[in-house]
Undergrad: 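Before I ask anything, here is the structure I am working with.
The figures here come from the full heavy-atom set of this structure, side chains too, leaving out hydrogens, waters and symmetry mates. Naming: A, B, ... by sequence-line order, numbering from 1 per chain. The structure displayed is predicted, hence computed values, not measured ones.
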Amino acid sequence: MILPREFYLRSVQVVAHDMLGKKLVHLVSEQRVGGIIVEAEAYDGELDLACHARVGKTERNKVMYSQGGHAYVYFTYGMHWMLNCVTGDVGYPSAVLIRAIVPTDGMNFISAQRPNIQEKQWCNGPAKLSKALAITGELNGCDLCNPDGVLFVEDGETISDDNVRITHRVGVQSTPEPWLSKPWRFVADLSRN
DNA sequence: TCTTCGATTGTCT
DNA sequence: GACAATCGAAGAA
């Protein structure tokens, strides 16, 4: 049920694409909280000028250099946590940014995390889903393949390619070409399944 | 509906 | 000292 290590030991673009339809789960006090992944972006190595690893290995991004299947959780804009899944082998910094999920488990918990907000807006952004699932820096570096872990990704439904939209990455303002236009963002349209 | 802007702090130069 | 893989409120139209 939990995705095996091999799933992550492939090129980051393939992993980002295949991540759609899978189920992200965070165990909070033994309660399952999570949902179906519907949007992901690939960040590929030190040459990718949109990737944190463009400046080489630092204290902040060192988890990206670990083996695929680990969680890279970082803090930005003074208030937001972002969840990534590290891909590839040890030493190659690449990761998939989880940008959106459709909540399926722990709806009560999620609604409590996102008070006064419409259900559709609960998890449709990288910082939003981290807030909704109570994902913070404490989870940075944890192993997503550990069956006894609290954060993991389970196999889910397969999304047909007809229902996958591929675009350039968003939120990376000042990234120069050709990196700005790389088609490394994958969005699933579940309504057409 | 669309656009602008403030929040708020860790990290890197 | 600048700025960030964002969000959501507020104001304009």
Undergrad: Report yes if the side chains of A/Lys22 and A/Phe7 come closer than 4.5 Å at any heavy-atom pair, otherwise no.
TA: yes
Undergrad: Any heavy-atom pair between the side chains of A/Val55 and A/Asn61 that's under 4.5 Å?
TA: yes
Undergrad: Hey, is CD on A/Gln121 packed in by over 12 heavy atoms from elsewhere, all under 6.0 Å?
TA: yes
Undergrad: With clusters built from Ile, Leu, Val, Met, Phe, Trp and Tyr whose side-chain heavy atoms come within less than 4.5 Å, directly or transitively, what are the remaining members of the cluster of A/Tyr72, listed by chain and number?
TA: A/Tyr43, A/Val63, A/Met64, A/Tyr65, A/Tyr74, A/Met82, A/Val86, A/Leu97, A/Val172, A/Leu180
Undergrad: With no hydrogens and no angle check, is any side-chain donor or acceptor of A/Ser130 less than 3.5 Å from a backbone partner on A/Pro126?
TA: yes
Undergrad: Using links of under 4.5 Å between side-chain heavy atoms of ILVMFWY residues, direct or through other members, which residues join A/Val170 in one cluster?
TA: none
Undergrad: Does A/Leu139 reach the side chain of A/Val150, with side-chain heavy atoms less than 4.5 Å apart?
TA: yes
Undergrad: Within the structure provided, determine whether A/Leu133 and A/Ile110 are in side-chain contact (heavy-atom separation under 4.5 Å).
TA: yes
Undergrad: What integer number of Å spans the C1' atoms of B/dC5 and C/dC3?
TA: 16 Å
Undergrad: Near DNA chain C, counting only heavy atoms under 4.0 Å, which residues of residues 36-60 of chain A show up?
TA: A/Tyr43, A/Ala50, A/His52
Undergrad: Can you sort out the partners of A/Phe186 under ring pair (Phe, Tyr, Trp, His ring centres under 6.0 Å), two or more places apart, ordered by chain and number?
TA: A/His17
Undergrad: Given Watson-Crick or G-U pairs with both distances under 3.5 Å, what dot-bracket string fits DNA chain C, with | for other-strand pairs and [ ] for crossing?
TA: ||||.|||||||.
Undergrad: Applying the salt bridge (charged side-chain N to carboxylate O under 4.0 Å, His left out) criterion to A/Glu39, which one of A/Arg165, A/Arg99, A/Lys128, A/Arg169 satisfies it?
TA: A/Arg99
Undergrad: Can you list, by residue number, the residues of residues 124-137 of chain A that have a non-hydrogen atom closer than 4.0 angstrom to DNA chain C?
TA: A/Gly125, A/Pro126, A/Ala127, A/Lys128
Undergrad: Which residue pairs pass the side chain to side chain donor-acceptor pair (under 3.5 Å) test when at least one of the two sits in residues 105-118 of chain A, sequence neighbours left out?
TA: A/Lys23-A/Asp105, A/Arg32-A/Asp105
Undergrad: Please enumerate all protein N or O atoms sitting under 3.5 Å from an N or O of nucleotides 4-8 of chain B, with distances to 0.1 Å.
TA:
residue : atom : partner : partner atom : Å
B/dT8   : O2   : A/Tyr77 : O            : 2.6

Undergrad: Could you point out which residue of A/Ile98, A/Ile159, A/Leu24, A/Val14 forms a side chain to side chain contact (heavy atoms under 4.5 Å, CB included) with A/Met19?
TA: A/Ile98
Undergrad: Run the side chain to side chain donor-acceptor pair (under 3.5 Å) test against A/Arg5 and tell me which residues pass, sequence neighbours left out.
TA: A/Asp143
Undergrad: Under 4.0 Å between any heavy atoms, over every strand shown, what does A/Thr175 touch: base, sugar-phosphate, or nothing? Just pick one.
TA: nothing
Undergrad: Treating Ile, Leu, Val, Met, Phe, Trp and Tyr as nodes and any side-chain heavy-atom pair under 4.5 angstrom as an edge, say whether A/Met79 and A/Leu129 lie in one connected cluster.
TA: no
Undergrad: Before accepting this row, confirm whether a basic side-chain N of the pair A/Lys182/A/Asp48 lies closer than 4.0 Å to the acidic partner's carboxylate O.
TA: no
Undergrad: So which residues get pulled into A/Tyr77's cluster when ILVMFWY side chains under 4.5 Å apart are joined, directly or through others?
TA: none
Undergrad: With the threshold set at under 4.0 Å for non-hydrogen atoms, list the residues of residues 81-114 of chain A touching DNA chain B in residue-number order.
TA: none
Undergrad: Is there side-chain contact between A/Asp44 and A/Tyr92, with at least one heavy-atom pair below 4.5 Å?
TA: yes
Undergrad: Considering only heavy atoms of chain A and a distance under 4.0 Å, specify the first and last nucleotide of DNA chain C in 5' to 3' order that meet this criterion.
TA: C/dA4 to C/dG8
